[in-house]
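These notes concern the structure reproduced below.
Computed from a predicted model, the values in this text were never measured in an experiment. Computed over heavy atoms, backbone and side chain alike; hydrogens, waters and symmetry mates excluded.
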There are 2 protein chains.
Amino acid sequence: MKKKKAKEKIKARSVPFSQTRTRHASETAEDYVEAVMDLIDETGECRVLDLARFFNVSHVTVSRTVKRLNDQDLLLTQSYKPIELTEKGYKLAKKSKKRHEIVLDFLIKLGVDKANAEIDSEGIEHHVSSKTLDAMKRFLK
Amino acid sequence: MKKKKAKEKIKARSVPFSQTRTRHASETAEDYVEAVMDLIDETGECRVLDLARFFNVSHVTVSRTVKRLNDQDLLLTQSYKPIELTEKGYKLAKKSKKRHEIVLDFLIKLGVDKANAEIDSEGIEHHVSSKTLDAMKRFLK
DNA sequence: CATCATCCGTAGCCATTGCTACATTTGTCC
DNA sequence: GGACAAATGTAGCAATGGCTACGGATGATG
Ligand SMILES: [Mn+2]
Ligand SMILES: [Mn+2]
Ligand SMILES: [Mn+2]
Ligand SMILES: [Mn+2]
């Protein structure tokens, strides 16, 4: 057995994990801007408590995250005022929502029931490369 | 526009996000036990530094995580000794590895190149319900 | 068996994301 | 306008998962 040689090759396999960590880091931003866009679209405005109910977390968690996304130039916030999207945030929201819809439609066409497809697509969407997204689009056609 | 009615329905959409958070919580455990199994299989033993290279993180991050998984009865550790799997850890590793392989094979059969399929499957695997996994298996046949 | 490189543990820092408890602001209703 | 309810902010705690710096343990080599 070439077990010493095997040990030397371990580092080469770390790329997917590094990439997955990077993707997890943008996941909150993607979910939040998409939620803000949808809530404004559907109810006319987006409030801290709307997001808290939407994500099923406390208003404190939302308030803190919204402040960070404001610092990252994705959201616009003022105390006790509705939350708005920046241009940058709006672009990310459109892109994320489109990708999310493709993943959801793909799972349904694959034969997954709607309830499970909605749950799974909420996580899967953040781990889909442009190559995989293209493959899903081809399958949908 | 029925915007007040729209606000009332928001909470109903939180289920996928709650589920996604639950899945993220088990992600590290799944990746670790799978890695320990593979490293023992390929190199004869699994050391803290092997995992650090495998995941591309510091040995400190690995050491802390391994200790927690030991407390969760998934891994067996002693200071300065190789890391072993418990029965529970081994079962989780087998199940996770099988699921991971199905997701990877599925993406490749869908038309994704191997490099991207390996990256994407590393994240997607943790967000695949048994229903979606079944749909992927059907597609592979 | 002494030395030295490697491995691993500990201390302590930071960021993120969850929470409860409490304070403040805002808006509504009389 | 005052009172009350709802919305939002703030303080502070915990768990997780990154990191560097440092020191002790282990094992290989001469
Ligand atoms: Mn999502
Ligand atoms: Mn895995
Ligand atoms: Mn993984
Ligand atoms: Mn994920």
Side-chain angles (χ1 to χ4, degrees), chain A residues 4 7-8 10-11 14 17-33 35-36 39 43-72 74-84 122-123 126, chain B residues 4 7-8 10-11 14 17-33 35-36 39 43-72 74-84 122-123 126:
Chain A
K4 283 182 184 169
K7 283 234 178 187
E8 290 161 17
I10 290 176
K11 213 180 299 185
S14 68
F17 296 103
S18 299
Q19 189 62 48
T20 298
R21 286 194 296 274
T22 299
R23 286 170 175 174
H24 277 151
S26 23
E27 185 161 338
T28 302
E30 290 166 358
D31 284 337
Y32 268 66
V33 293
V36 171
L39 287 169
T43 74
E45 65 170 16
C46 176
R47 289 287 183 167
V48 167
L49 275 183
D50 296 331
L51 289 171
R53 282 186 281 260
F54 190 84
F55 291 126
N56 190 30
V57 295
S58 73
H59 78 279
V60 183
T61 299
V62 170
S63 187
R64 191 187 335 95
T65 303
V66 160
K67 196 175 294 169
R68 196 181 67 248
L69 298 179
N70 176 78
D71 294 343
Q72 294 174 8
L74 290 168
L75 297 179
L76 293 169
T77 55
Q78 290 172 279
S79 278
Y80 302 99
K81 291 272 193 314
I83 297 155
E84 310 274 3
E122 193 57 68
H126 310 283
Chain B
K4 281 181 184 170
K7 285 235 177 187
E8 289 161 18
I10 291 176
K11 214 180 300 186
S14 68
F17 295 102
S18 299
Q19 188 63 48
T20 298
R21 286 194 295 274
T22 300
R23 286 172 174 171
H24 278 152
S26 22
E27 185 163 336
T28 301
E30 291 167 356
D31 284 338
Y32 268 66
V33 293
V36 170
L39 287 169
T43 75
E45 64 170 15
C46 176
R47 290 287 183 165
V48 167
L49 276 184
D50 296 331
L51 289 171
R53 284 186 280 260
F54 191 83
F55 291 127
N56 190 30
V57 296
S58 73
H59 78 277
V60 183
T61 300
V62 170
S63 187
R64 195 194 321 100
T65 304
V66 160
K67 195 175 294 169
R68 195 181 69 248
L69 297 179
N70 176 78
D71 294 343
Q72 295 174 6
L74 290 168
L75 298 180
L76 294 169
T77 56
Q78 290 172 280
S79 279
Y80 302 99
K81 291 271 193 313
I83 297 155
E84 311 275 1
E122 193 57 67
H126 311 283

Task: Test item: A/Ser63 side-chain N/O and A/His59 main-chain N/O as donor-acceptor pair under 3.5 Å - done: no
- [ ] Using atom types as modelled and distance alone, determine if a side-chain donor or acceptor of A/Asp71 lies under 3.5 Å from a backbone N or O of A/Arg68.
- [x] no
Open item on the list: Just N and O in the side chain of B/Lys67: are any of them under 4.0 Å from OP1 or OP2 of C/dT10?
Closed with: yes
Open item on the list: Could you check whether A/His24 and B/His24, counting side-chain N and O atoms only, form a donor-acceptor pair closer than 3.5 Å?
Closed with: yes
- [ ] Tell me what B/Arg21 touches on the nucleic acid: a base, only sugar-phosphate, or nothing, going by heavy atoms under 4.0 Å.
- [x] sugar-phosphate
TODO: Give a yes/no on whether any side-chain N or O of A/Arg47 is located under 4.0 angstrom from OP1 or OP2 of D/dT8.
DONE: yes
- [ ] Please determine if a side-chain N or O atom of A/Arg64 lies less than 4.0 Å away from the OP1 or OP2 oxygen of C/dC19.
- [x] no
TODO: Starting at atom CZ of B/Phe55, determine the distance to atom P of D/dC19, rounded to an integer number of angstrom.
DONE: 13 Å
- [ ] Starting at atom CG of B/Leu49, determine the distance to atom P of C/dC7, rounded to an integer number of angstrom.
- [x] 5 Å
Task: Counterpart residues, side-chain hydrogen bond (donor to acceptor under 3.5 Å, both in side chains), relative to A/Ser58 (two or more places apart) - done: A/Thr61
- [ ] Look only at the side chain of B/Ser14 and the backbone of B/Ile10, and say whether a donor-acceptor pair between them is shorter than 3.5 Å.
- [x] no
Task: Ring geometry between A/Phe55 and B/Phe17 (parallel below 30°, tilted from 30 to 60°, perpendicular above 60°) - done: perpendicular
Open item on the list: Checking contacts here: which listed nucleotide (C/dA21, D/dT16, C/dG9) is nearest the side-chain heavy atoms of B/Arg68?
Closed with: D/dT16
Task: DNA chain D contacts among residues 74-83 of chain A, heavy-atom distance under 4.0 Å - done: A/Ser79, A/Tyr80
TODO: Find which nucleotide of DNA chain C each of B/Val48 and A/Val57 is nearest to by heavy atoms, and output the residue with the more 5' nucleotide.
DONE: B/Val48
Task: A/Leu69 CG - C/dA15 C1' separation (whole Å) - done: 14 Å
Open item on the list: Just the rounded figure in Å: distance from C1' of C/dT16 to CD of A/Gln72.
Closed with: 11 Å
Task: B/Thr61 side-chain proximity, nearest of D/dG17, D/dG12, D/dG9 - done: D/dG17
- [ ] Side-chain contact test, heavy atoms from C-beta onward, threshold under 4.5 Å: evaluate it for B/Arg21 versus A/Val57 and give yes or no.
- [x] yes
Task: Distance test, side-chain N/O of A/Ser58 to OP1/OP2 of C/dG18, below 4.0 Å - done: no
TODO: Please list residues of residues 25-32 of chain B whose heavy atoms come under 4.0 Å from any atom in DNA chain D, ordered by number; otherwise none.
DONE: B/Thr28
- [ ] Before giving the answer on side chain to side chain contact (heavy atoms under 4.5 Å, CB included), spell out for B/His126 and B/Asp31 the whole-Å C-alpha distance, their side-chain angles and the decisive distance to 0.1 Å.
- [x] CA-CA 9 Å; B/His126 311 283; B/Asp31 284 338; 3.0 Å; yes
Task: Per-pair stack call B/His59 and C/dC7, 5.5 Å, 30° - done: no
Task: Test applied, side chain to side chain contact (heavy atoms under 4.5 Å, CB included); reference residue, B/Val36; option that passes from B/Leu51, B/Asp50, B/Leu76 - done: B/Leu51
